[in-house]
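Before any comments, here is the structure.
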Amino acid sequence: MSASKLSLAFVFFNPGETLCQSVHCTVITTLQHATKHSQLDYATAHSARKAGGSARSRRAVQSKGSCSLRNLAILAMVAWSFFLYLHFSLISGAEEVSNGDPCRGRYIYVYDLPPRFNTDIIRDCRKAGGRWADMCAFLSNGGLGRPLADDGMDGVVTGKAGWYNTHELALDAIFHNRMKQYECLTNRSAAASAVFVPFYAGFDSLRYRVGYDKATRDAASADLSFWLTVQPQWGRMAGRDHFLVAGRTGWDFRRRSGADANTDRGNGLLLTPAGRNMSLLVLESTLEHGSDFSVPYPTYFHPRSDADVLRWQARVRAQHRTWLMAFVGAPRRNVPTSTWVRDHVIAQCKACSACAMPGCARSPGSAQCHSPASIVRLFEKAIFCLQPPGDDGSSTRRSVFDSMVAGCIPVFFHTASAYKQYRWHLPRDDHLRYSVFIPDADVRWRNVSIEAVLRAIPPSTVERMREEVIRLIPTLLYADPRSKLETLKDAVDVAIEGILDTVTRIKNGEQVNCCGPVDKDPPNLFAATASRIPPKGAMRAVDQNR
């Protein structure tokens, strides 16, 4: 049997048989052919000798028969080896399925990107000016920044205990380094359920944030889009199984167009051919598109083990909280109308003897708002933490997660601050189980006293809410990327589960939306306050009757 015939025998096996049976039959057939050929060769040689052929012809026949027999023996050995390989591979695979592969459906393939997409961006922080240059000090220790020194207080909020001066925008490096510890990584992209793209999109946006034209700001994103779309992994689902992480808001990667758009802000990553299909994990979602999913802001705490987390939870649970409420932040000027509630929150806190504020809230420019240890200790002493929307049109602030890690119950004034986002990391339905909601209109129109609303909540309810906040702490943390939690799930673990679920739903033909319906508020929110501000239509009717 020739090599080509043997190859065909492997391909065109009987569909009614198992692969092993077909290969076994092929081996037997090959051995039979080898025996038949050897018998024919022997007969031919015998006939040649009987006919008195020349010595040369006899040697030629003998040589031909020996060579043919040797080739057939080699082919038979190859076929038998292939049969044994398949046989034991299938047995091993069956045992693996029966024992349960813990990574089945969870494998992730990580691109080995050219360094211009990540490490070179970090290296360039030494050369750039402006705000990006300030980031260089925060990129040590896998993106965690410098460990906090012991300030002589209690020695708990220190680098030895997992506390670092982490920048709120350092998520690109933190997540990438944390992914290196993921237990279900694979080098076989065909076996992966999702594909991670370690492009430092947030750092790229930050380094060209101010003073650069659109072509410069879009260059790396356009380069990445071209690079990805020619990769074989991309063609499997046209990139719908790909995801990347960026330590910015979604709007920083979806530059608006039109006369009212700020063309000096952000880049067009999510508008590129690749960006439109990938999932993007950002600090805040745009709430208008289905592909950008929000994940928590990095906090200062990065535990190395379950024990670190459990010790911290026990500490905040036992804290004696001397303040009814607290606010950390400074007044803002020239901010969008939607964030005006911030100034009213600060005014009410200043007028309340039960509200704590750091020096920066009273005197802009104070360094106290930039002292991680001071911020954490303030949150530890407060029952409720006031969380109005952030700066520059942002709906959320890093303070939300810093305060919750300290066991402080958040008080929100806008539904987009948490309830319409972070669906993987915060409760999706019963938002009032862990937070208080006071409509910003109530506060801006001075109809509701924040202090009165909070004092009206029964102590037993407060205890339940605080316990729920403490329960959520692990999922809001980014563990030290140089280690890994044993059994607890951190923010990266939860985000990966969310991505894998998203890809599965896409494969099943579902239309996946990052935030659900955003045209209406989540239900039961207004049960938190006795709002005396009627809807706009009702207000208009009242005015007409005056």
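N141 places no side-chain N or O within donor-acceptor distance of the main-chain N or O of G143, the cut-off being under 3.5 Å. A donor-acceptor pair is defined here as one N or O able to donate and one able to accept, closer than 3.5 Å; no such pair exists between the side chain of D172 and the backbone of A246. The backbone N or O of M237 sits nowhere less than 3.5 Å from a side-chain atom of D241 that would complete a donor-acceptor pair. Judged purely by atom type and a 3.5 angstrom limit, S225 has no side-chain atom pairing as donor or acceptor with the backbone of S221. With R428 contributing its side chain and Y419 its backbone, the two residues share no donor-acceptor pair below 3.5 Å. Within the 3.5 Å criterion, the main-chain N or O of I470 finds a donor-acceptor partner in the side chain of Q313.
At least one side-chain heavy atom of P389 sits under 4.5 Å from a side-chain heavy atom of V341. F199 is not listed as a side-chain neighbour of L228, based on a closest heavy-atom distance of 4.5 Å or more. A heavy-atom distance below 4.5 Å is found between the side chains of L281 and V295. Annotation: side chain of P303 is in contact with side chain of L477 (closest heavy-atom distance under 4.5 Å). Within the 4.5 Å cutoff, no side-chain heavy atoms of R254 are placed close to those of L269. Using a 4.5 Å heavy-atom cutoff, the side chains of L472 and M404 are in contact. You'll find the side chain of F243 stays beyond 4.5 Å of the side chain of V503, heavy atoms only. When side chains are defined from C-beta on, H167 does not count as touching L139, because their heavy atoms never get closer than 4.5 Å.
Across G250 and D292, no two heavy atoms sit closer than the pair CA-OD2, 4.0 Å. S294 approaches Q421 most closely through the heavy-atom pair OG-CB, 3.3 Å. Scanning all heavy atoms of the two residues, the minimum distance from T186 to A191 falls at OG1-CB, 4.4 Å. Heavy atoms only, all atoms of each residue included: Y164 and R482 are closest at OH-NH2, 2.9 Å. Among all heavy-atom pairs drawn from S279 and F293, the shortest one is OG-CE1, 3.7 Å. When all heavy atoms of L171 and L283 are compared, the closest pair comes out as CD2-CD2, 3.7 Å.
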Set out, in order, the CA-CA distance, both residues' side-chain angles and the distance that settles salt bridge (charged side-chain N to carboxylate O under 4.0 Å, His left out) for E497 and R106, then state yes or no. CA-CA 8 Å; E497 288 181 353; R106 300 174 56 223; over 6 Å; no
Show the numbers, then the answer: is there a side-chain contact (heavy atoms from CB on, under 4.5 Å) between Y297 and L476? CA-CA 8 Å; Y297 277 83; L476 306 179; over 6 Å; no
Decide yes or no on salt bridge (charged side-chain N to carboxylate O under 4.0 Å, His left out) for R466 and E463, but give the supporting numbers first. CA-CA 5 Å; R466 183 186 302 118; E463 289 299 320; 2.8 Å; yes
Passes ring pair (Phe, Tyr, Trp, His ring centres under 6.0 Å), F196 versus Y111? Steps please. CA-CA 6 Å; F196 176 50; Y111 277 119; 9.5 Å; no
Run F379 and S399 through side-chain contact (heavy atoms from CB on, under 4.5 Å) and show every step you take. CA-CA 10 Å; F379 286 150; S399 174; 3.3 Å; yes
Give the intermediate values and the outcome of side-chain contact (heavy atoms from CB on, under 4.5 Å) for residues F384 and F327. CA-CA 9 Å; F384 299 99; F327 173 77; over 6 Å; no
After noting the C-alpha distance and the side-chain angles of V110 and Y182, does the key distance pass the side-chain contact (heavy atoms from CB on, under 4.5 Å) rule? CA-CA 11 Å; V110 180; Y182 181 60; over 6 Å; no
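A distance of 8.5 Å separates CZ in R397 from OG in S403, rounded to the nearest 0.5 Å. Here SG of C408 is found 8.5 Å from CG of L378. Values are rounded to the nearest 0.5 Å. Within the model, atoms CG of L270 and CZ of F253 stand 7.5 Å from one another, a figure rounded to the nearest 0.5 Å. For the atom pair OG (S291) and CG (N277), the distance works out to 9.0 Å, reported to the nearest 0.5 Å. Within the model, atoms CG of D204 and CZ of R248 stand 11.0 Å from one another, a figure rounded to the nearest 0.5 Å. F175 contributes atom CZ, which lies 13.5 Å from atom NZ of K180 (distance to the nearest 0.5 angstrom).
Salt bridge present: R471 and E468 bring a charged side-chain N and a carboxylate O closer than 4.0 Å. Here R217 does not pair with D213 in a salt bridge; the nearest charged N to carboxylate O distance is not below 4.0 Å. Electrostatic pairing of R178 and D490 counts as a salt bridge here, judged by a charged N lying under 4.0 Å from a carboxylate O.
Taking the six-membered ring wherever Trp is involved, the centroid distance between the rings of Y300 and Y478 does not fall below 6.0 Å. Taking the six-membered ring for Trp and the full ring otherwise, Y200 and F117 have centroids separated by 6.0 Å or more. The aromatic ring centres of H414 and F437 sit 6.0 Å or more apart. Ring centers of W227 and W234: at least 6.0 Å apart, outside the cut-off. Here Y107 and Y109 keep their ring centres 6.0 angstrom or further from each other.
Under 3.5 Å, the side chains of Q387 and S417 contain no donor-acceptor pair of N or O atoms. For the residue pair D306/T487, the side-chain donor-acceptor check at 3.5 Å is satisfied. Side chains of E284 and S394: a donor-acceptor N/O pair is present below 3.5 angstrom, by distance only. Side-chain contact, T166 with H302: a donor N or O sits under 3.5 Å from an acceptor N or O. Side-chain contact annotation: S205 with D252, donor-acceptor N/O pair under 3.5 Å absent.
Applying the disulfide bond (SG atoms under 2.5 Å apart) definition to pairs two or more places apart or across chains, none involves residues 284-314.
Heavy-atom neighbours of K160 NZ from other residues, nucleotides or ligands within 6.0 Å: at or below the threshold of 12. For N508, the CG atom counts as densely surrounded, since its 6.0 Å shell holds more than 12 non-hydrogen atoms of other residues, nucleotides or ligands. Shown here is R146, whose CZ atom has no more than 12 heavy atoms of other residues, nucleotides or ligands within 6.0 Å.
Aromatic ring orientation, Y434 versus F412: perpendicular (interplanar angle above 60°, classes split at 30° and 60°).
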